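In the text below, chain A, chain B and the rest are named by the order of the sequence lines, each starting its count at 1. Owing to the predicted nature of the structure, the values given are computational and were not obtained by experimental measurement.
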Number of protein chains: 2
Amino acid sequence: MTSFERPTLVRDGVYEHLRRAVLDGDLAPGERLGEVELGAQLGVSRTPIREALMRLTQDGLLIAEANKGVRVRTLSAAEARDTYVVREELDGLAAALAAQHHTPTDAAALRAALDDLHAAPGSDYRAQTRLDLAFHRAITHAAHNAALNDLNRDLEQRVALIKHQTRTYNAHPQTDAQHAALLDAILARDHDAARDAARTHVRTFAALVLNDLQPRSTP
Amino acid sequence: MTSFERPTLVRDGVYEHLRRAVLDGDLAPGERLGEVELGAQLGVSRTPIREALMRLTQDGLLIAEANKGVRVRTLSAAEARDTYVVREELDGLAAALAAQHHTPTDAAALRAALDDLHAAPGSDYRAQTRLDLAFHRAITHAAHNAALNDLNRDLEQRVALIKHQTRTYNAHPQTDAQHAALLDAILARDHDAARDAARTHVRTFAALVLNDLQPRSTP
DNA sequence: ATTGTGGATATTGTATACAATCCTGGCGAT
DNA sequence: ATCGCCAGGATTGTATACAATATCCACAAT
């Protein structure tokens, strides 16, 4: 046998299910999540549901109002801008650290992730979002810094939320070139170039998303 | 009247109580937290206890093992080092943004926080830890960036955890001078100097803490 | 003496019951 | 017609009951 059947906790299953649903855009921003309804859908009681919702709220994916339940979080244009300011810094750090510390296994994973991203149809913004997230996650993983991993997880989730709000396609003219430059710099172990490439990429993309988000919040 | 008596939720009270207890060092790293015991102590049922523990676990202050309850998290030397690497970056960003965006109110709060820190006796490491955290929190607040605030909250909590593990006093010879330089740079709206001052301060302090932590984890 | 086994005990995980709060809708007064 | 208000229903918040899992200690076998 490969491994014993591990008694996976119900609440963990619910947590992952809902998290995926939010990140994939199956749950629209602003949508309300009723406890009894979710419990009926997933066939479990309210208890693990509540605990999963609590964790997702702490992650920043949901917002809770007292006695009114939770909703999928919507971010204001200002919050989105703030997020990208921080992301530029942290993505730059992740790229620099990845350039310094990546292993051969990391290198292979990075290449594979970028290939997957290229293979996705440009019109499928959900797949694009998911694979872009996977690529950036591979970079962060290659940085081999646990604290950075945790923080980037939160940031990436927030970015995914923003993307689903704006429905911006990941593709812009320079995307492929920027991704390639970033990967090359990391593999060449040039941490300064990697940092710059990551920051430039974030900045370019942020401009695109924010331009799309602005009109809706300042009518 | 100033405001109506808001019906503060029990779970929020428990959450804040336990969070403060961990951050102040009343709960030692590694200490186990039993649900029934906590419930008896605070006079509430297990339900809000569980939900508070869930949130604190998600914050990274506690760790949970399946069917074995939660403990106050202990960080390895490697995790501590990783934390300070990220903190250097984010504290630098916070200082730079604070220099650019602080208001007169922020300036007053910053001065007050630093005064409080100076007034604390150098031998009381708990007060030092709490007031140092308050000072840094004031800087982050003055940056006026919601995303940065959220992330720094997590980081600061982790740093507090590390400090309680090592019991390192905040005071080192250059602390006062570095704090003063940092505050001056922010108030002068010199964001480059502010960033450098913050990074230097983190680096200096990290070296002190890590030097104290290293011997215990590599015997 | 040490190791392995078995059951008793305690603790967590899940489900359900009860209480409190909030939203909705309709009715009446102005 | 609009505003206020009260009742009904629905939903969250808290407590408790039940089930499943892990820990611990005694005791026997080698």
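- Per the geometry, CD belonging to Glu65(B) stands 8 Å off P belonging to dT23(D), to the nearest Å.
- With distances taken from any side-chain atom of Leu9(A) to the nucleotides dA15(C), dT14(D), dG13(C), the minimum falls on dG13(C).
- In summary, the side chains of Tyr15(B) and Gln58(A) do present a donor paired with an acceptor at a separation below 3.5 Å, with no hydrogens or angles considered.
- One can place CZ of Arg71(B) at 11 Å from P of dT12(C), the figure rounded to the nearest angstrom.
- Position along DNA chain D of the nearest nucleotide to Thr47(A) versus Val70(A) favours Val70(A) as the more 5'-ward residue.
- Note: CD (Glu35(A)) to C1' (dA10(D)) measures 12 Å, nearest angstrom.
- Rounded to whole Å, atom P of dA15(D) lies 9 Å from atom CD1 of Ile49(B).
- Atom pair Tyr15(A):OH and dT14(C):C1' shows a separation of 20 Å (rounding to whole Å applied).
- Dashed line: the shortest gap from a side-chain N or O of Lys68(A) to OP1 or OP2 of dT11(D) is not under 4.0 Å.
- Arg87(A) and Asp91(A) are joined by a salt bridge, as a carboxylate oxygen and a charged side-chain nitrogen come within less than 4.0 angstrom of each other.
- Distances shown here put every side-chain N or O of Arg32(B) at or beyond 4.0 Å from the OP1 or OP2 atom of dA22(D).
- Nucleic acid contact for Arg11(B): sugar-phosphate only, since backbone atoms but no base atoms lie under 4.0 Å from a heavy atom of the residue.
- One can place CZ of Arg55(A) at 14 Å from C1' of dG13(C), the figure rounded to the nearest angstrom.
- Ring planes of His179(A) and Phe135(A): perpendicular class, angle over 60° (limits at 30 and 60°).
- Between Arg50(B) and dG13(C), a side-chain N or O to OP1/OP2 separation shorter than 4.0 Å is present.
- Close to dA15(D), at under 4.0 Å from its OP1 or OP2, lies a side-chain N or O of Ser45(B).
- A side-chain donor-acceptor contact under 3.5 Å links His144(B) and Asp106(B).
- Between the side chains of Thr140(B) and Asn152(B), at least one donor N or O sits under 3.5 Å from an acceptor N or O.
- Between the CG atom of Asn67(B) and the C1' atom of dT21(D) there is a distance of 5 Å, rounded to whole Å.
- Here the P atom of nucleotide dG13(C) and the CE atom of Met54(B) are 7 Å apart, to the nearest Å.
- Between Arg46(A) and the phosphate of dT14(C), there is no side-chain N or O to OP1/OP2 separation shorter than 4.0 Å.
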